[in-house]
Amino acid sequence: MGKAKEKKKPWGGRFSGGLSGIAEKISASIQFDSRLWRQDIRGSRAHAKMLRRIGLLTDAELDDILRGLSDIEKEIEAGGFSFSASLEDIHMNIEAALTERIGDAGRKLHTARSRNDQVALDMRLHVRDESESIRTLLQGLIRVLVELSEKNIDVIMPGYTHLQVAQPVRFSHHLLAYAWGFLRDAGRLESAVKACEHLPLGSGALAGLNYPVDREFLREELGFTGIIPNSMDAVSDRDFILDFCYFASVCGVRLSRFCEELVLWSSSEFGFIRLADAVTTGSSIMPQKRNPDIAELIRGKSGRLAGNLASLLMTLKGLPMTYNRDLQEDKERLFDSIDTVTLSLAGMAEMLSTMTVNSERMKKALSSNFSTATDIADYLARKGVPFRTSHEIVGRIVRSCEEQGIDFFGLKASDFKKFSPEFEDDIIDIVKPEGSVELKLSSGGTSRKEVLAQIEALKKMIR
Ligand code: ARG
């Protein structure tokens, strides 16, 4: 932003003095809301066409406005437009540039419109536009998880509760648990987009307009499904930004939890995966290090996403109807959430699609943790032993193994038989983790058949 010379403010008529330097700084939003330029121009085009329809512009004036807006659009696109802080925001910057180019027709564009109208429109259009690429990123991430799951369908790992080895699960089952979560995130994103589907424009500053504005035409022109029925609601509602920030927070927390697992799994203690060089960094002092910085940063950035939601909620709390300048504070929260969730989703997909899976280390982690204890208890239960009793018996077997410093694999069938007459020779197969996952008969469980069914279901949903 060039240190442009002081420009005359479009609202300057009733003032004899100018804003102080510090007030100017507090007031200006152009340094961040310039990114609404596409939406602002789109809104102005529609508004100008509507003004022509209701006879407030001549054909020649409309032509001038449309041509002027196209020139400005090209100039901004090419990076040659100079935004001025003294013109406060994107709306006044574009309007002033238009007037500079085409004269009085430009000054007519603001007939039957207020900036409150404009900002309410631009922000909704922005959420709608940006959500498209975020939706694509989410689907791409789910696709990566589905592909990894297919490829590693027979890799077995320890499943955890309390971060203690619990039962064997397929690695793909673990990955797909996240995929379902990301699918729900996509649903939350859709809800935020849905909250933007009604047109605010045509509301004026707050009370409506002294002109027969054709809101139905504006709705159609700008691709909204309906019209906000109350002008005061239209200019003061920021629910859709809260909805977006909520989506981004929940998705961010999910990414953070997943990153925490990548950090753990890539440690030498776990060794379940190796992250690619492209997403790991070295240490300036310890030559051997490969640090999972990208996973840590995505985990860390989730804090901003939750913070943006909390911050916006605090900004909105206590605002009387209708527009209050506090609402300008919604922009950095929204833009930061858009940028952060975009980067994080892309980073996550890159880490996952380039990592190496070490199935041997996963297998090894299953060899010394009694991970099939529940399967042994179920084995006895199937033979009629009450589950509470079989639980007790297997507990005693575990204790005895611990005393001897061995796992179930160190026991022979005859050893099992000492603990219960119900044990037969086939118990030796039951204690194997590969067998355990196939003993899961319930739908949604970790058997091969059920995991493949999940993969098919997800594939259909992200098509
Ligand atoms: N830059 C302002 C915002 O972001 C635009 C609306 C200004 N309206 C006003 N009445 N001052 O909210």
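In each ligand, atom 1 is the first atom listed, and ligand 1 is the first ligand listed. A quick note: this is a predicted structure, and the numbers were derived from the prediction, not measured.
- The closest heavy-atom contact to atom 1 (N) of ligand 1, among the options Asp89, Val119, Asp33, comes from Asp89.
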Report the C-alpha distance between Arg45 and Glu73 in whole Å, list the side-chain angles of each, state the deciding distance to 0.1 Å, and finish with yes or no for salt bridge (Lys or Arg N to Asp or Glu O under 4.0 Å).
CA-CA 11 Å; Arg45 275 196 183 113; Glu73 185 171 49; 2.7 Å; yes
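- Side-chain N or O atoms of Arg128 include none that pairs as donor or acceptor with a backbone N or O of Val193 at under 3.5 Å.
- Among all non-hydrogen protein atoms, the one lying nearest atom 11 (N) of ligand 1 is Arg115 NH2, 3.5 Å.
- Considering backbone and side-chain N/O of Tyr323, one or more are found under 3.5 Å from N/O of ligand 1.
- Using modelled atom types, one finds a donor on one side chain and an acceptor on the other under 3.5 Å when comparing Ser44 with Arg113.
- Every atom of ligand 1 is numbered from 1 in the order shown, and the set under 4.0 Å from a heavy atom of Ser29 is 1 (N).
- Salt bridge annotation for Arg124-Asp237: present, with a cationic side-chain nitrogen under 4.0 angstrom from a carboxylate oxygen.
- Judged by distance alone, the side chains of Ser27 and Arg325 do bring a donor and an acceptor atom under 3.5 Å apart.
- At least one N or O atom of Asn116, backbone or side chain, sits closer than 3.5 Å to an N or O atom of ligand 1.
- Contacts of Lys331 with ligand 1, taken as heavy-atom pairs under 4.0 Å, involve the side chain alone.
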